[in-house]
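Worksheet: the structure to be examined is printed underneath.
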Amino acid sequence: GKASGRSVSLLGSTSIQPFAEVLAEQYTKKNPGHFVEVQGGGSTAGLQAVDNGLADIGMCSRELTAEETRQFTRILIARDGLAIVVNADNRVAKLSIEKIRALFAGRLTNWREVGGQDGPVRPITREEGSGTRESFVRLVMGKERISRRALTQESNGAVKELVKGDPAAIGYMSLGLVGKEIGAVAVEGAQPTTDNVLAGRYTLVRPLLFVSKGAASPAAQSFVDFVLSPAGQRLLEKEGLVRAR
Amino acid sequence: MKRDRLIGAVLLVVALSAISGLALIAAFIFREGVPIILRVGAGQFFLSTDWEPSLGHFGILSMLGGSLAVTLGAAVIGIVFSLGLAIVLTQFAPPGLAAALKPAIELLAGIPSVVYGFVGVVTLVPLIRHALGGPGLSVLAASIVLGIMILPTITSIAIDALQAVPRSYVEGSIALGATRWQTVTMVLLRAARSGIVAAVILGMGRAIGETMAVIMVAGNALALPHSLLDPVRTLTSNIALEMGYASGDHRQALFATGVTLFVIITLLNTAALAVSRRRAGRRRVG
Amino acid sequence: MQAPRIVVQGFTACFDGKPAVKNLDLEIFPNERLAIIGPASSGKTTFLRSLNRLNDLDHGFTHSGKILHDGKDIYDADVDVAELRRKIGMVYAVPVPLPWSIYDNLVYGLRLAGIRDRTTLDERVEKALGYAVLWDEVKDRLHEPANVLSGGQQQRLCIARVLVLEPDVLILDEPCSGLDPISTGKIEDALVALKERTSIVLVTNNTKQAARASDRTAFFLLGDLVEVGPTAQLFTKPTQKKTNDYLVGQFG
Amino acid sequence: MQAPRIVVQGFTACFDGKPAVKNLDLEIFPNERLAIIGPASSGKTTFLRSLNRLNDLDHGFTHSGKILHDGKDIYDADVDVAELRRKIGMVYAVPVPLPWSIYDNLVYGLRLAGIRDRTTLDERVEKALGYAVLWDEVKDRLHEPANVLSGGQQQRLCIARVLVLEPDVLILDEPCSGLDPISTGKIEDALVALKERTSIVLVTNNTKQAARASDRTAFFLLGDLVEVGPTAQLFTKPTQKKTNDYLVGQFG
Amino acid sequence: MRVSPATSQRVAVGFMWALAAITFAVLVFILAFILAHGLPHVTWSFLTQSPTSMGREGGIFPMILGTILVAGLAVLVAAPIGVATAVYLTEYTREGRLTAVIRFGADCLAGVPSIIFGLFGFVFFAIALGMGLSVLSGSLTLALMVLPTIIRTSEEAIRAVPYAYREVSFGLGSTRWQTVIHVVLRSAIPGISTGIVLSLGRSISETAAVMLTAGSALRLPRSLFDSSRTLALHFYILAREGISMTNAYATASVLIIAILALNVLSYWLMRRFVAKVGR
Ligand SMILES: Nc1ncnc2c1ncn2[C@@H]1O[C@H](COP(=O)(O)OP(=O)(O)OP(=O)(O)O)[C@@H](O)[C@H]1O
Ligand SMILES: Nc1ncnc2c1ncn2[C@@H]1O[C@H](COP(=O)(O)OP(=O)(O)OP(=O)(O)O)[C@@H](O)[C@H]1O
Ligand SMILES: [Mg+2]
Ligand SMILES: [Mg+2]
């Protein structure tokens, strides 16, 4: 619910939610008596919640639209690489953006066409409205649409599980969550690493945002300050994200 | 006695308020959902397979097809298993064994749907992927999981229907030299037909309304399925998947999906009720 | 006297271990009408249902002793129970037409016995309805639902449904208990005609009906066969005090 | 002769418009045992249940005519029905102990009447059990569940449960129909003792019981009161042919 | 050749027994699968600690509390309304258009999918009534959802009380209300409780509706207006986000054991009820 006094409520992107939880945990440890409530729901839901007062801070894992930028205060808390992931047995190790787009659009339907083994391609996408998906569409798909035959999963974890089990699968997900059981391909020649993101070599990057309506409440501001502080940023980096600046 | 009348009035008010919940639900869902159907056009909304909310395309035909496919699949599995169980438990199992097995079926109904979905994803889906090909997440997987989930509903109503057949019919048939199985097929199933049909319809209602398990095992692709091994998205998963993110028209379109679901379920329930009422009516005459 | 059709020897029937019929000895002859009377719970129904093994349906049922049908124990393992039940036709206290047409009710037993030939079916149906004094009343509406018939007609239909199978023994459990005097009369008339063809065992709680409609009468009490003898004799000079007490209405 | 306790004047009772009791005139006197006999569906039960207005529970029930209890029409608007039902105590064909202890069954009516005092309750219970010839059998187990009693004991418990309320009239609907001869005898004995205290109306389907256990007998047929008179007279020389037919067992 | 009736019976019955065996094998498999993976991790500290780093570590105490609050409150709200409705339907009115309407409403409500309840709860309780994503929104939504079950089972339990009991009670001079309280409800209570326990089970298992109404906050709720995550939703999130499979299994085990316990309880109540009413 709507928080007051020394409590802050956050709602929004399920991609940011895990990190926000970790931040909240540390924050309340440092500031006893403070209370941080973190909820999922999705990037857009986060914006709405802020708009209708359901939450103090919205979490958004995509760039704001022009209209949204006018409505909300935007706070960049970190950046996240978007990894293109395939099964561990898949020989394909690098792809161009053009090829990725073709694979997800359903124009390329056999792994042989991109240098892999003979076999069908099964793109896995995220649900409509997810920040990850919108970033992916903006960064990769452009005007083209994701194939309607693509499997839709509602979380990074589910995408990962599916890619882990299915040799034909290709998906996209938060770089910080890839782990070792699946492969992340190099895009346009750049390996998906934090360093490459920082250096601007790996181009599939999206912002992770906090948004508030007007000026944040003092309690909310105090939490945001913590997140942007070196301690907060270090925490995020430990979780696999790329710091805001 | 006057006090009794007052109490009766109070209870009536409570009963009506309980039921007004339904009206309230209908009102809210319709208010949120109907406008967009009108705006997009019913033909477009129901008959187009193009669902691309970011571009303003709202067509739910794929989801209708998906719901239909998994519901029919679940019904087939549910019917076969439930009828078998109901017949065995009421006609062939020793009373002690039947009494021990019935709570087990109820337990099956108590398992949370997220658990069904989860177990389906980690066991059934890889099995299908390896044995039959395709992504595993499929109409087939969803049908099996849903079939198991609605089995308790169908079984328990079918058991009631079979038990409602007068014992004298069974005895009459057996005294004329029928085996138990002949009695089941020629007398019992015929006499209990409407009850069983009602059970199946209600079971299908359950299946079409189930959400979490389906999200996990159906694959949620937006295309109409061509085979049992294709992934599908159902009406319910569409709502649950996108609700969190939706705003504006998109959100309304999801409510419109809810309206569709609501109407389908209400039709199914009415059908089930009509079928079972016909049975009751007939019994009174007989 | 002819050889008995059914011989019951030391037969005991129990439900869940509790005896309902105790150590019964009784013979049923061809072409006789045997009435069984006795107060409630004296084991009359249990005995009848033992004759066509209908009690087997009850999981708590056990028995000892023998029931010989034409010399063969009906409880032997190699007996075809379905066949037996068609030979020992049973009619219940409440008429129970199956929820189908009159005709379907009548031919059900024949179809179960594997008879499919339409002409045979029709012939047998007409004959059985004749014996049950029902042909005239239903011949024009054989394909109407059986439950539109009156109670008395339904009961005669149930008798006809059994007669169609040409049973050796016809057993009836209080067949007139729900009927009016006129229907009762018709059924009693039918029984007179039928005894030419089968043995009849009639359980009745109406002693006057037993007196009217039987050749011999057996008196059951609490699972025991107290006395059996020619009807006229049993009603006028019973040999047992209990029989006398029952007949004068001391209890029951 | 004393003034009648109950006067029934031109009373007709209908269910869904169909009369079950027609234009009945009958008087019930203090300290008498009135038996009501008649075949099934002749309106005996309907009449009894009209006396304590239990028929009111049935939505299809309508009535005309009067039933006066101590001069006051029981169907008047200002009658306290609960009070009336305690004054006209009813016993049913099947013993229905409520699923509680024997004691709780017995004091339920008193508690409803607002009596809470433990000593009064205990006294009344003991007295009522005495009249119902049950005290000795249950005095040591008043707090056991009532349904562990035998059928006959349960029925006497039901009688005691009514007697506790010290009713003006005790109405019994075939109270012995499910009981053995010994229990039946005990209940008939209890009725003899009770007539000193209340009027008794006993519906029975056993004409011999009516002959044994009543002072006057009324014969109902299809909703009509055919004949009423002293028991000895009605059974030996009935004035109506129908009564005679019924008594010799022509029908029923 | 005509297959003999005895043979076809043997084949058919064999087939149906096989179906029954498969069904129970599935049940046993699901239970064993979850419990085998999860039970070893269900420790005292797992039950009593708060989760850390999204539930990757730590326990599930806030979810246990949240589940108890959301499901308990739902039943607390629904039970009196449901029982009162059942009493009205069975004791205070006769069958007619009104009862038909009420029953039809209840039947429809019973068929409405939980996701629709979720949608409704979200727009009505959370937004229109301003309760936000909270324990209260969630439990009121669930209350509406389990109401039909409670009405139905209470009605059945009440109808199973022999009509003769009521006649006896009226015959001894009771009013309708006294009969309802002293005779009808007293006898029907075990049956009614069965329905209530089953509803509790349904509330605990529900995921879609609570996800949209009670939210998914990980912290202990401080009041009914705070969001709280239930066990079922926690399990879903742990498993789907791939946060921690061991904790997911352990959470599911706790959930399953709670459901098992409730089923045993309802079974026991039902046995008592049958013994009492003597059906
Ligand atoms: N299916 C059964 N299970 C258990 N006990 C039974 C069963 N059928 C009969 N009994 C018991 O067996 C005894 C004899 O009952 P039975 O029905 O044979 O008597 P009856 O003479 O036919 O009585 P009625 O005149 O009431 O029909 C009774 O004590 C009865 O309770
Ligand atoms: N509650 C009711 N609703 C409709 N009709 C009823 C009701 N009670 C009795 N009747 C009808 O009223 C008539 C008289 O029935 P009643 O029960 O009074 O007869 P009875 O003499 O007590 O018969 P029995 O000896 O079978 O108990 C019957 O035709 C019966 O069908
Ligand atoms: Mg009998
Ligand atoms: Mg009666």
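The figures here come from the full heavy-atom set of this structure, side chains too, leaving out hydrogens, waters and symmetry mates. Protein chains get the first letters and strands the later ones, always in sequence-line order, with residue 1 at the start of each. Treat the numbers as computed from the prediction; the structure is a model and nothing was measured.
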[X] vs [Y] side-chain heavy atoms within contact, under 4.5 Å:
X	Y	result
I115(E)	L235(B)	no
V10(B)	Y88(E)	no
T175(E)	R3(B)	no
L11(B)	T93(E)	no
P103(B)	N263(E)	no
V114(B)	T207(E)	yes
F81(B)	M16(E)	no
V115(B)	I30(E)	yes

query: How far apart are the C-alpha atoms of T270(B) and F104(E), what are their side-chain angles, what is the distance that settles it, and do they pass the side-chain contact (heavy atoms from CB on, under 4.5 Å) test?
result: CA-CA 8 Å; T270(B) 317; F104(E) 178 76; 3.8 Å; yes
field: V122(B) portion near chain E, given a 4.5 angstrom heavy-atom threshold
entry: side chain
field: Engaged part of T123(B) at the chain E interface, taking heavy atoms whose separation is under 4.5 Å
entry: side chain
- request: Determine, stepwise, if the pair F24(E) / L108(B) fulfils side-chain contact (heavy atoms from CB on, under 4.5 Å).
  value: CA-CA 9 Å; F24(E) 294 106; L108(B) 215 46; over 6 Å; no
- prompt: When you look at V26(E) and L151(B), which way does the side-chain contact (heavy atoms from CB on, under 4.5 Å) test go after all the steps?
  reply: CA-CA 12 Å; V26(E) 167; L151(B) 184 150; over 6 Å; no
Per-residue contact mode, [X] against chain B (heavy atom under 4.5 angstrom):
X	answer
L255(E)	side chain
Y92(E)	side chain
L233(E)	neither

message: If the test is side-chain contact (heavy atoms from CB on, under 4.5 Å), which one of L273(B), I265(B), T266(B) qualifies with C108(E)?
response: T266(B)
Quick one: of [options], who has the most non-hydrogen atom pairs under 4.5 Å with chain B?
options	result
F29(E), F235(E), F122(E)	F235(E)
A110(E), G105(E), G111(E)	G111(E)
L119(E), T23(E), L147(E), L109(E)	L119(E)

query: Is there a side-chain contact (heavy atoms from CB on, under 4.5 Å) between D107(E) and N269(B) once you walk through the steps?
result: CA-CA 7 Å; D107(E) 282 341; N269(B) 280 334; 5.8 Å; no
message: Test your reading of the model: is there a side-chain donor-acceptor pair from Q182(B) to the backbone of P5(E), 3.5 Å cut-off?
response: no
Atom CZ of R159(E) with >12 non-hydrogen neighbours under 6.0 angstrom: yes
Identify every side-chain donor-acceptor pair in residues 18-33 of chain B under 3.5 Å, counting partners at least two apart or on other chains, and give the distances.
residue, atom, partner, partner atom, Å
S20(B), OG, S17(B), O, 2.5
E32(B), OE1, R251(B), NH2, 3.3

query: Does the separation of the ring centres of Y236(E) and F118(B) fall below 6.0 angstrom?
result: no
- request: Not counting sequence neighbours, which residues clear side-chain hydrogen bond (donor to acceptor under 3.5 Å, both in side chains) with S137(E)? List them please.
  value: S134(E)
